[in-house]
Amino acid sequence: MESIRGRLCKAPENFLAPVDIVQVGAQARQGRRDFIRGAFAAAVAAGGAASVHAQAKVQGAGDPAILELPAHTKGLGQAVATDGYGLPSKHEKNVQRRISPGLTQTRQSSVSFAPLQSLFGIVTPSGLHFERHHQGWWDIDPTQHRLMVNGLVKTPMVFTMDDLMRLPSVSRFHFIECGANTGMEWGNVAVPTVQYTHGMLSCSEFTGVPLIELLNLAGADLSQGQFALAEGGDGSSMTRTIPMSLIRSGEVLVAYGQNGEMLRPENGYPLRLVVPGVQGVSWVKWLRRIEVGDKPWGTKDEAVHYVDLMPDGSHRQYTSIQECKSVVTSPSGGQVLLDKGFHTITGLAWSGRGKVKRVDVSTDGGRNWRMARLESPVMSKCLTRFNLPWSWDGKPAVIQSRAVDETGFVQPTYAQLRAVRGTRSIYHNNSIQSWLVQASGEVMNVQHV
Ligand SMILES: Nc1nc2c(c(=O)[nH]1)N[C@H]1C(S)=C(S)[C@@H](COP(=O)(O)O)O[C@H]1N2
Ligand SMILES: [Mo]
């Protein structure tokens, strides 16, 4: 086996999550594993699910949790909520968005990361969607909100929310990933959990109107007008250039819906741009203006920020597409495997260029690969869930996933990415992530070279 450059889950003090946060993840995990262990105790590796089944039967004998009727089978439960908004179980309190102290100076220009290690399937519950604000969020009155369409158009128009919601709508599932996701890893900083390495990533069903429809209503000049500028309604002067080719495809949405309800204020209520496959910064929140123009604007968030510093000192600009990427979410950093034997390796894969075609998983640091099962549905520019059964022999193991998209793009190793991009970037790190499972069962972030 190749050498593993294992490092402790230590990051510079100003970035390391408080210790209790890391432990919370491990304990939450442990809670579930304890349950599994209690029920399935000595399930041996070789038998896999069958032996787990046999053990479950044996262990069930004498278990008071099944033999004695719990209080909730004998009493009166809670009343239905008459005007309440449902909340998760109190037992799930540890599943939260978390900020990384020291990463940014203020809570208004900051990030909260989604707890990828605790989520199933592909949809991010709206209350756990990551947040990235440059100047804080607002809960805007939808009756006062307006969207202006101007620039190279016959008739400049102003839409109210009522106007927009009367138009035919579409609903589509897409991922959104901040261009800076996994950014600390460029500098070889191993943040402790997948929440901090990959948690600037979420996926929702978005509902709204294709932007091209609004441009057509305004009589946009689509031959001269090769670009559109999207402007946000917060104080960050957030403006981004969107190529007309993307808009013309009908994929770019002016969205008000997220997972069946209105957008959350943190995510741009009442209106945001959805630009499938493109980095999060272009998904302008609290959207208030679209201007059609004949060249890119080169605004601060595309000339100074969100550019990639290359090894020769030049900058790559407008590298907006989020290339094919994947990560194992369990087992992942901060979790603990309590037993040898059967485990399910699971994770997420995505590509800004279309559908995920294949995900391979290695448990020996990239020497051998097995094809993972992709859970349906597999949708374009959307998260795809993969999983693979694994029998852990109790020895150290380096777990990795490698995604391939429908264009044939293969997710790179760190060595491959750095050979082209160097180490001074912040944005667009789509390298293969490695998790080291130690003999103790503790999992940590390592960069396997
Ligand atoms: N108006 C406005 N739009 C914005 C931002 C912002 O600060 N202001 N942040 C951008 C960035 S950098 C990202 S990654 C995404 C984050 O979206 P989310 O907070 O819904 O996760 O919104 C983008 N749109
Ligand atoms: Mo971002």
Side-chain angles (χ1 to χ4, degrees), residues 97-100 103-116 119 123-140 145-148 174-184 195 198-208 229-242 252-259 261-291 299-302 304-308 318-322 350 352 383 425-430:
R97 299 188 276 218
R98 297 192 186 278
I99 58 162
S100 201
L103 179 60
T104 43
Q105 296 299 313
T106 71
R107 290 285 287 272
Q108 284 76 36
S109 176
S110 192
V111 181
S112 71
F113 296 82
L116 301 182
L119 303 182
V123 170
T124 313
S126 297
L128 295 174
H129 193 290
F130 85 95
E131 298 167 85
R132 171 71 178 109
H133 317 302
H134 291 236
Q135 184 128 326
W137 61 270
W138 297 88
D139 195 354
I140 292 174
H145 192 68
R146 302 288 182 268
L147 175 67
M148 178 158 87
H174 290 297
F175 76 82
I176 168 174
E177 182 183 23
C178 175
N181 202 23
T182 326
M184 295 305 287
Q195 183 157 9
H198 289 75
M200 283 195 270
L201 170 74
S202 293
C203 184
S204 302
E205 185 191 40
F206 292 100
T207 299
L229 184 77
E231 180 185 295
D234 55 337
S236 71
S237 308
M238 177 55 70
T239 41
R240 287 284 304 185
T241 300
I242 315 291
V252 179
L253 305 182
V254 171
Y256 44 80
Q258 179 182 350
N259 297 330
E261 59 184 0
M262 288 296 287
L263 289 163
R264 293 292 168 93
E266 307 94 290
N267 305 118
Y269 180 91
L271 206 59
R272 92 173 301 168
L273 203 62
V274 166
V275 194
V278 169
Q279 62 180 342
V281 67
S282 291
W283 296 46
V284 173
K285 301 191 278 191
W286 314 291
L287 182 70
R288 69 187 300 271
R289 193 168 70 89
I290 297 283
E291 180 181 334
T299 67
K300 74 170 163 52
D301 284 298
E302 43 202 25
V304 181
H305 308 294
Y306 299 91
V307 291
D308 301 320
Y318 296 115
T319 46
S320 294
I321 306 285
Q322 296 297 106
W350 60 100
L383 294 188
S425 277
I426 300 170
Y427 307 106
H428 308 120
N429 175 359
N430 67 328

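Counting convention: from 1, in listed order, for ligands and their atoms alike.
With a heavy-atom cut-off of 4.0 Å, C178 touches ligand 1 through backbone and side chain alike. At a heavy-atom cutoff of 4.0 Å, ligand 1 is contacted by the side chain of H129 but not by its backbone. Contacts between D234 and ligand 1 below 4.0 angstrom, taking non-hydrogen atoms only, involve the side chain exclusively. Contacts with ligand 1 closer than 4.0 Å are made by side-chain heavy atoms of Y306 only, the backbone lying farther away. At a heavy-atom cutoff of 4.0 Å, ligand 1 is contacted by the backbone of E266 but not by its side chain. Here M238 has side-chain heavy atoms under 4.0 Å from ligand 1, and that is the only part of it that gets that close.
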Item to complete: Take L229 and T299 through the side chain to side chain contact (heavy atoms under 4.5 Å, CB included) test and state the conclusion after the steps.
Response: CA-CA 10 Å; L229 184 77; T299 67; 4.0 Å; yes

Worksheet entry | Pair S109-R132, side chain to side chain contact (heavy atoms under 4.5 Å, CB included): steps then yes or no | CA-CA 8 Å; S109 176; R132 171 71 178 109; 3.9 Å; yes

Worksheet item: Does the pair E266 and R97 meet the rule for a side chain to side chain contact (heavy atoms under 4.5 Å, CB included), with working shown?
Response: CA-CA 12 Å; E266 307 94 290; R97 299 188 276 218; 2.8 Å; yes

Worksheet item: Can you list the steps and then say if W137 with W286 is a side chain to side chain contact (heavy atoms under 4.5 Å, CB included)?
Response: CA-CA 9 Å; W137 61 270; W286 314 291; 3.5 Å; yes

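Heavy atoms of R264 come nearer than 4.0 angstrom to ligand 1 in no pair at all.
For atom 9 (N) of ligand 1, the nearest non-hydrogen atom of the protein is R132 O, 3.2 Å. Nearest protein heavy-atom contact of atom 22 (O) of ligand 1 is R272 NH2, 3.4 Å. Here the protein heavy atom with the shortest distance to atom 21 (O) of ligand 1 is F130 O, 2.6 Å.
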Just list the side-chain donor-acceptor pairs under 3.5 Å for residues 273-282, sequence neighbours left out, or say none.
residue : atom : partner : partner atom : Å
Q279    : OE1  : H428    : NE2          : 3.1
S282    : OG   : R240    : NE           : 3.1
S282    : OG   : R240    : NH2          : 3.4

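Put simply, the side chain of M262 reaches to within 4.5 Å of the side chain of P270, judged on heavy atoms.
An N or O contact shorter than 3.5 Å is missing between W286 and ligand 1 by distance. An N or O contact shorter than 3.5 Å is missing between G232 and ligand 1 by distance. Where the criterion is an N or O separation shorter than 3.5 Å, residue side chain and backbone included, H133 fails it with respect to ligand 1.
Closest heavy-atom approach to atom 3 (N) of ligand 1 among the candidates K285, E131, R288, H134: K285. Between V284, L287, N267, V281, it is V281 that holds the heavy atom closest to atom 10 (C) of ligand 1. Taking each of G280, S109, S204 in turn, the one with a heavy atom nearest to atom 13 (C) of ligand 1 proves to be G280.
For the pair E177 (side chain) and Q322 (backbone), a donor-acceptor distance under 3.5 Å is absent. Under the 3.5 Å distance criterion, the side-chain polar atoms of N429 are left unmatched by any main-chain donor or acceptor of G183. Proximity of a side-chain donor or acceptor of T124 to a complementary backbone N or O of H129 within less than 3.5 Å is not detected.
F206 meets the ring-ring contact (aromatic ring centres under 6.0 Å, His included) test with W283; sequence neighbours excluded.
Residue-ligand proximity, S236 to ligand 1, at heavy-atom distances under 4.0 Å covers atoms 8 (N). Listed by atom number, the atoms of ligand 1 under 4.0 Å from W283 heavy atoms are 22 (O), 23 (C), 24 (N). Annotation for ligand 1: atoms under 4.0 Å from non-hydrogen atoms of I176 are 17 (O).
For R288, the CZ atom sits in a loose shell: 12 or fewer heavy atoms of surrounding residues, nucleotides or ligands are nearer than 6.0 Å.
Here the closest non-hydrogen pair linking H133 and K285 is ND1-NZ, 3.1 Å.
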